[in-house]
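Got a structure here, written out as structure tokens. Questions coming.
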Protein chains: 2
Amino acid sequence: MATPSALDRTLSALADPTRRGVVDRLRQRPHPAGELAAAFDMSPPAMSRHLRVLRQTGLVEENIDADDARVRVYRLRPEPFAALRGWLDEVESFWEDQLGAFKAHAERTRGTKPPGGRKS
Amino acid sequence: MATPSALDRTLSALADPTRRGVVDRLRQRPHPAGELAAAFDMSPPAMSRHLRVLRQTGLVEENIDADDARVRVYRLRPEPFAALRGWLDEVESFWEDQLGAFKAHAERTRGTKPPGGRKS
DNA sequence: TTAATCATTCACCCATTCGTTAACGACTCT
DNA sequence: AGAGTCGTTAACGAATGGGTGAATGATTAA
């Protein structure tokens, strides 16, 4: 496949429960990698891989702790979320656009069995 | 695993380019399964599996065509998108909440390696 | 300098996922 | 009824993804 789009990578990253849990946790405050591994009861290598995925999609950024250069502190970045929102807005505009027509149409097609609209 | 959450399933479903392509295409109008398979140059069974995934997460609904009961017509459903938006709103509230403090903080921590701010 | 700590990458296993072809059930049409 | 069409499920191979423990690099502490 020809390099997945940014949206592909963002959605794939967020589809994993652990990674979405990390995102939720980072909403509170930045966290060191070790804390995250412990919080999710997971080996450091496993968490490191998750963090790399999140980093590669730009969902988080890594910083070296000022007081101890061994620890990497992770925090959220807004851009990919904004992009996801943009796509979601587009999709949802479907219902707004067609609201009037849709409502009228829904009246007639409610359920699985539409009324007789047409014939051969 | 303890049955993935609805959000897990929604995000996993949308992470696949083909399935997201189907969603984009269904924004225009409902489509029969066969049209979708052809549009993505994919065997009917493959598309059928994608459609099942989308159906199981509630992203699409299946209806029997009124004029030919062999064809299944697929259309978008709004609920899972609304749920996704709800989570996204929560996450993004992070920046709104902390906007003032964040901006001030960002002044001091901009970039990964601050120039000579502290120490020797 | 030597030992300990934080986090990464590496090599490997197991489970899931996406695609294919073949077979099947349901419906349409002559 | 019989042939043809639409879409599904079934069975299988290839690729992907997430987990582990071992080894590596970098930094701190004794």
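Predicted model, so just to flag it, every value in this text is computed and none were measured. Residue numbers start from 1 in every chain, and the chains themselves are labelled A, B, ... in the order their sequence lines are given, proteins ahead of strands.
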Fill in: Rounded distance in Å - CE (Met47(B)) to C1' (dC18(C))
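Between C1' of dC18(C) and CE of Met47(B): 12 Å.
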
Worksheet, complete the sentence: Between CD of Glu35(A) and P of dA7(C) the distance, given in whole Å, is 9 Å

Discussion item. Tell me the interatomic distance from Arg70(A), atom CZ, to dG25(D), atom C1', rounded to whole angstroms.
Written reply: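 For the pair Arg70(A) CZ and dG25(D) C1', the rounded distance is 13 Å.
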
Item to complete: Considering non-hydrogen atoms only, spot the tightest contact between Glu61(B) and Asn63(B) and give its length.
Response: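 Heavy-atom minimum between the residues: OE2-ND2, 3.3 Å.
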
Fill in: Between C1' of dA26(C) and CG of Asp65(B), the distance in whole Å
14 Å

Discussion item. So Met42(A), base contact, sugar-phosphate only, or nothing? Heavy-atom distance under 4.0 Å.
Written reply: sugar-phosphate

Practice prompt. Please state how far atom CG in Asp68(B) lies from atom C1' in dG7(D), giving the value in whole angstrom units.
Written response: 11 Å

Fill in: N or O in side chain of Ser43(B) less than 4.0 angstrom from dT20(C) OP1/OP2
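Affirmative; the distance criterion is met.
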
Worksheet item: Within the structure shown, what part of the strands sits under 4.0 Å from Pro32(B) by heavy-atom distance: base, sugar-phosphate, or nothing?
Response: sugar-phosphate

Practice prompt. Tell me which nucleotide among dA7(C), dT27(D), dG21(D) gets nearest to the side chain of Pro45(A).
Written response: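 Closest of the options to the side chain of Pro45(A): dG21(D).
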
Discussion item. So Ala46(B), base contact, sugar-phosphate only, or nothing? Heavy-atom distance under 4.0 Å.
Written reply: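 The residue Ala46(B) makes base contact.
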
Worksheet item: Heavy atoms under 4.0 Å, any strand shown: does Phe40(B) hit a base, just sugar-phosphate, or nothing?
Response: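 It contacts nothing in the nucleic acid.
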
Worksheet item: What is the distance from CZ of Arg9(B) to P of dT17(C), rounded to the nearest Å?
Response: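 Whole-Å distance recorded here is 12 Å.
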
Fill in: Whole-Å distance separating the CD1 atom of Ile64(A) from the P atom of dA7(C)
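To the nearest whole Å, that distance equals 10 Å.
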
Worksheet entry | Closest to side chain of Asp16(B), choosing from dC18(C), dT8(C), dG7(D) |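 Shortest atom-to-atom distance from the side chain points to dC18(C).
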
Response to the item:
To the nearest angstrom, the CZ-P distance between Arg49(B) and dA22(C) comes to 18 Å

Discussion item. Heavy atoms only, 4.0 Å cut-off, all strands: where does Arg52(A) land among base, sugar-phosphate and nothing?
Written reply: sugar-phosphate

